[in-house]
Amino acid sequence: MSHYILPGEQVHAQHVNLKLGPGLLQLSNNKESEIISTRAGELKHSANNSKWWIESNARRYVPAAQESVVGIVIARAGEGWRVDIGSAHMANLDGLAFEGATKRNKPNLKVGSIVYARVSLAHKDMEPELECFDAQTRKAEGFGELKGGFLVRCSLKMCRMLLDPNHFLLPLLGSRFPLEAATGMNGRIWVNAKDPRHIIAISRCIEAVDPDGGGLDEIGVKKFLSTMDI
């Protein structure tokens, strides 16, 4: 059963290894701590109740730690770069925040480069920080500069839908032609294919399935693809 919540409401979430996601904030005083919501939406939790978050279709992305994002390099800043991830503040990407990076061996990102990164620090009073490697393995695991391709902008809800392994869209398109995709939680999806017509088809299908756009289902997408020259 869906449970919707408003900002300021108290959430009774308890677990030994409790992790709070977007939309939830833990407040502590001398005696006890409480968890309150910071946005309106549907209260969600994992199967074992260890992870809690609020699902909402916000217009602006609010960074949360460990989330994957697709960003655009906008400036060089000392030993790193300033990256636009669609949030209220620009994010910082250090030159050593890549697999195997050293002071002598760092990526050569240019202004306008697209990067797939992980939010390593997110705080309401600080600018977010990014890393281009997995937190556990310290390997790239797909993070880093994305070359070529096309950047599709969509709703935050559409990104969360595509990150669901059971969602139909990417497997359906992958059965028609080879493709690459990097989905960020910040309303941006990078797509690439060998044929430019396929890239156009992917971007148009994402826009058509987006709840803020056409909201097509699997049958509707198959009909939509039949009208394209691919």
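This chain uses plain numbering: 1 for the first residue, then up along the sequence.
The ring pair (Phe, Tyr, Trp, His ring centres under 6.0 Å) contacts involving residues 162-214 comprise Phe177-His198, where partners must be two or more places apart or lie in separate chains. Contacts classified as side-chain hydrogen bond (donor to acceptor under 3.5 Å, both in side chains) and involving residues 13-26 (residues at least two apart or in different chains) are given here: Gln26-Ser33. Identified under the ring pair (Phe, Tyr, Trp, His ring centres under 6.0 Å) test for residues 52-77, with sequence neighbours left out: His45-Trp52.
Remark: Ala208 pairs with Leu216, Phe224 by the side-chain contact (heavy atoms from CB on, under 4.5 Å) rule, at least two apart or across chains. Shown here are the side-chain contact (heavy atoms from CB on, under 4.5 Å) partners of His123, two or more places apart in sequence or in another chain: Asp125, Met126. Partners of Gln136 by side chain to side chain donor-acceptor pair (under 3.5 Å), not counting sequence neighbours: none found. For Gln66, the side chain to side chain donor-acceptor pair (under 3.5 Å) partners two or more places apart in sequence, or in a different chain, are Arg118. When the salt bridge (charged side-chain N to carboxylate O under 4.0 Å, His left out) test is applied to Asp164, no partner is found at least two apart in sequence or on another chain. Every side-chain contact (heavy atoms from CB on, under 4.5 Å) that Cys132 has, sequence neighbours left out, goes to Leu93, Phe98, Ala117, Phe143. Applying the side chain to side chain donor-acceptor pair (under 3.5 Å) test to Arg204 and every residue at least two apart in sequence or in another chain returns nothing. For Arg39, the side-chain contact (heavy atoms from CB on, under 4.5 Å) partners at least two apart in sequence or on another chain are Pro22, Ile54, Ser56, Val62. Residues forming a side chain to side chain donor-acceptor pair (under 3.5 Å) with Ser155 (at least two apart in sequence, or on another chain): Asp210.
Annotation: side chain of Val119 is not in contact with side chain of Glu129 (no heavy-atom distance under 4.5 Å). In this structure the side chain of Val111 never reaches within 4.5 angstrom of the side chain of Ile72, judged on heavy atoms. At least one side-chain heavy atom of Asn108 sits less than 4.5 Å from a side-chain heavy atom of Lys110. The closest side-chain heavy-atom distance from Ile202 to Arg176 is not below 4.5 Å. Between Ile189 and Val191 the shortest side-chain heavy-atom distance falls below 4.5 Å. Side chains of Pro211 and Met158 form a contact here, defined as non-hydrogen atoms less than 4.5 Å apart. The shortest side-chain heavy-atom distance between Pro128 and Ile85 falls under the 4.5 Å cut-off.
No hydrogens or angles considered: a donor-acceptor pair under 3.5 Å links the side chains of Asn92 and Glu127. For Glu207 and Ser203, the side-chain atoms include no donor-acceptor pair closer than 3.5 Å.
Linking Ile, Leu, Val, Met, Phe, Trp and Tyr residues whenever their side-chain heavy atoms come within less than 4.5 Å places Leu163 and Leu156 in a single cluster. Cluster membership check: Ile200 does not share its hydrophobic cluster with Val152, using side-chain heavy-atom separations under 4.5 Å among Ile, Leu, Val, Met, Phe, Trp and Tyr. Linking Ile, Leu, Val, Met, Phe, Trp and Tyr whenever their side-chain heavy atoms come within less than 4.5 Å leaves Tyr4 and Ile35 in two separate clusters. Connection of Leu179 to Leu225 is established within a shared hydrophobic cluster, with ILVMFWY side chains joined at heavy-atom distances below 4.5 Å, either directly or through further cluster members. When hydrophobic clusters are built by joining Ile, Leu, Val, Met, Phe, Trp and Tyr residues whose side-chain heavy atoms come closer than 4.5 Å, directly or via intermediates, Leu18 is grouped together with Ile5.
Separation of atoms CD1 (Ile219) and CG (Asp217) is listed at 5.5 Å; rounding is to 0.5 Å. Separating the NZ atom in Lys51 from the CG atom in Leu24 is a distance of 14.0 Å, to the nearest 0.5 Å. Taking CG of Leu130 as the start and CG of Asp94 as the end, the distance is 10.5 Å to the nearest 0.5 Å. Rounding to the nearest 0.5 Å places CZ of Arg82 at 7.5 Å from CE of Met90. Cys205 SG to Met228 CE: the interatomic distance, rounded to the nearest 0.5 Å, is 4.5 Å. One finds the CG atom of Leu96 at 10.0 Å from the CG atom of Asn105 (value rounded to the nearest 0.5 Å).
Side chain of Tyr116 to main chain of Gly71: no donor-acceptor pair is present (N/O by atom type, distance under 3.5 Å, no hydrogens or angles). Judged by distance alone, the side chain of Ser37 and the main-chain N or O of Gly23 form no donor-acceptor pair under 3.5 Å. The backbone N or O of Ser87 sits less than 3.5 Å from a side-chain atom of Arg60, completing a donor-acceptor pair. Of the possible donor and acceptor atoms, one in the side chain of Glu99 sits under 3.5 Å from a partner among the backbone N and O of Ala140. Side-chain atoms of Asn186 come within 3.5 Å of backbone atoms of Val70 as a donor-acceptor pair (strictly under, hydrogens ignored).
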Does Asp84 form a salt bridge (Lys or Arg N to Asp or Glu O under 4.0 Å) with Arg188? I'd like the steps, not just the answer.
CA-CA 11 Å; Asp84 172 22; Arg188 296 174 181 174; 3.2 Å; yes

Residue pair Glu218, Val221: steps toward the side chain to side chain contact (heavy atoms under 4.5 Å, CB included) verdict
CA-CA 5 Å; Glu218 185 171 359; Val221 171; 5.8 Å; no

Determine, stepwise, if the pair Asp212 / Cys154 fulfils side chain to side chain contact (heavy atoms under 4.5 Å, CB included).
CA-CA 8 Å; Asp212 284 3; Cys154 61; over 6 Å; no

Quick one, Val69 with Val115, criterion side chain to side chain contact (heavy atoms under 4.5 Å, CB included). Give me CA distance, side-chain angles, the key distance, then yes/no.
CA-CA 8 Å; Val69 295; Val115 292; over 6 Å; no

Just do the side chain to side chain contact (heavy atoms under 4.5 Å, CB included) check on Lys44 and Glu42 with the steps written out, would you?
CA-CA 6 Å; Lys44 297 261 192 176; Glu42 184 180 357; 3.6 Å; yes

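A pairwise comparison of heavy atoms in Ala182 and Leu146 identifies CB-CD1, 4.0 Å as the closest pair. Nearest heavy atom pair, residue Leu109 against residue Trp81, reads O-NE1, 3.3 Å. Nearest heavy atom pair, residue Ile74 against residue Val83, reads CG1-N, 4.4 Å.
Other residues, nucleotides and ligands place more than 12 heavy atoms under 6.0 Å from the CG atom of Leu27.
The existence of a salt bridge linking Lys157 and Glu55 is excluded, since no basic side-chain nitrogen approaches an acidic carboxylate oxygen closer than 4.0 Å.
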